[in-house]
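Whatever order the structure lists them in is the order used to number ligands and atoms, beginning at 1.
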Amino acid sequence: MNRPRPARRRTAHVPLLLALALLAGGCAGGVEGTPGAVGLRDPYFPGLGNGGYDVTHYGLELDVDPAAGHLRGTATITARATQDLSAFHLDLAGLDVESATVEGRPAAVNRAGKELTIRPGAAVEDRLRKGRTFTTVVRYAGSPQAITDADGEREGWLRTADGAVALGEPTGSMAWFPGNHHPSDKAAYDIRITVPEPLTAVSNGELVSRRTVNGRTAYRWVTAEPMASYLATVAVGRFTTRESVTPEGIRLFTAVDPESAAASEDVLARIPAVLKWSADRFGPYPFASAGAIVERTGDSTYALETQNRPVFPGPPDTALLVHELAHQWFGNSVTPRTWRDMWLNEGFATYAEWLWAADHDDVPVQESFDEAYEDDDNWAFPPADPPAALDLSDPPVYGRGAMVVHRIRLAVDDDAEFFALVRGWTKKYRHGNASTDDFIAYVEEETGQDLGRLWDAWLYGGSRPPLKG
Ligand code: TRP
Ligand code: ZN
């Protein structure tokens, strides 16, 4: 019998990172326009992301030497200016920047902590006017680091027994490429990773080429659908890989550490069935490809719904597979506008587990709800307003988030109408971003009900509401 999944394991508390000082970008040096903002004022990570531009495409060329723990990268970032820019910022943690160009001309780079300031020369100022698209190339190298989260888990670039894996939720992707690392700025990606034979490099999207020259193999992965940077991944190591196509035409690529292969076989064989079951409930699968990356037990400690291809820290059980695949709709296609909207990811992914258990394990959804309701851990804080960054992966975001979804189902009181509501949600915000307010407005508009009391009690209330009413 499947039980609701506990929130991400937490190993230790560390002090909150100091908020970045929101310094102005500096003098414009004769260039017209103003510097882009140094952060997007996320409620939990105010310095994360950058203002003044919108990335449309990342081209990443990464040369990885796993034995030395070294990476050399070239990031080609195509972005549209949302204001007349004199300078702008990129987020990058660790690593050394060797050079930057904007529109092919050398640009000045200044480094302050995790912020790079790029100041293009006057010769290209016209190319950074509001509405125009410009290209920035950053060359960098070094030993990418793991970042310890506020909740004590590690993200960023994690070294494994035979390679590395990049995990980016919520802020880890800045450990391996410069960019606009906030979930509100989604973009297409073209990621090329070169690794020594016989290692494999797996990433998001579709594998479009693989070429070996002088003992090093370049893998090129293309993600055409918009992706938030926290969902980008690279996994380097010895992997057993498999490719196939589902009856619906979704391309599958799985990469499994040989030590995890036998124990993963049965559960990974269920991916097509889980995708079909999910699509029947949540709407069409939003991407061209799917799959999984299964690490050796101990190489990482938690699963992540990296786009197309979730990473598992060892052979998953079916409930965890269902959870991570549900995120492809809830989180990856419909992405939180800020980190406060995290419950829209975890609440729906947890609810997907409840639905699966009802259909496959004879556990009625109401029973999963009742169990979550009785669990004191779910009542520590309201899911739509976690007290601090370290709480984003806590039980209320998962279990109480799922309870909110179930209370909506009870309010709608018709299963066909409820699932149509869910499918309409993933359709309306497909490949976009949505906030809790967007969700509330959508549900009230579609159902024609004023659900103010539901939101007050279940989404924002400080304590456990009575079941009646
Ligand atoms: N999203 C992951 C899952 O539920 C868990 C997770 C990984 C997470 N990193 C996080 C949750 C950071 C909150 C914050 O599958
Ligand atoms: Zn999740």
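- Here is the list of ligand 1 atoms found below 4.0 Å of a heavy atom in A303: 2 (C), 3 (C), 5 (C), 15 (O).
- W425 and F282 have their aromatic ring centers separated by at least 6.0 angstrom.
- At a heavy-atom distance under 4.0 Å, no atom of E155 approaches ligand 1.
- Of the residues listed (V422, V443, T447), the one engaging I408 in a side-chain contact (heavy atoms from CB on, under 4.5 Å) is V443, and it is the only one.
- Of all atoms in ligand 1, listed by their number and element, those nearer than 4.0 Å to a heavy atom of Y302 are 7 (C), 9 (N).
- Both the backbone and the side chain of S393 come within 4.0 Å of ligand 1, counting heavy atoms alone.
- A distance of 6.0 Å or more separates the ring centres of Y429 and F439.
- Judged purely by distance below 3.5 Å, without hydrogens or angles, the side chains of S260 and E295 never pair a donor atom with an acceptor atom.
- In terms of distance to the Zn ion (ligand 2), the nearest N, O or S atom of E346 is named OE1.
- Residue-ligand proximity, P170 to ligand 1, at heavy-atom distances under 4.0 Å covers atoms 12 (C).
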For residues 68-78, dump all side-chain donor-acceptor pairs below 3.5 Å to protein atoms at least two apart in sequence or in another chain.
residue: R72; atom: NH1; partner: E98; partner atom: OE1; Å: 3.1
residue: R72; atom: NH1; partner: E98; partner atom: OE2; Å: 3.1

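- Across the listed options H323, E305, M342, E346, M342 owns the non-hydrogen atom lying nearest to atom 13 (C) of ligand 1.
- The contact set between ligand 1 and Y398, taken as ligand atoms under 4.0 Å from a residue heavy atom, comprises 2 (C), 3 (C), 4 (O), 5 (C), 11 (C).
- Take Y285 and apply the ring-ring contact (aromatic ring centres under 6.0 Å, His included) test, not counting sequence neighbours, and it matches F287, W329.
- Neither the backbone nor the side chain of E153 comes within contact range of ligand 1; no heavy atom lies under 4.0 Å.
- Salt bridge status for R111 with D96: absent, with no side-chain N to carboxylate O gap under 4.0 Å.
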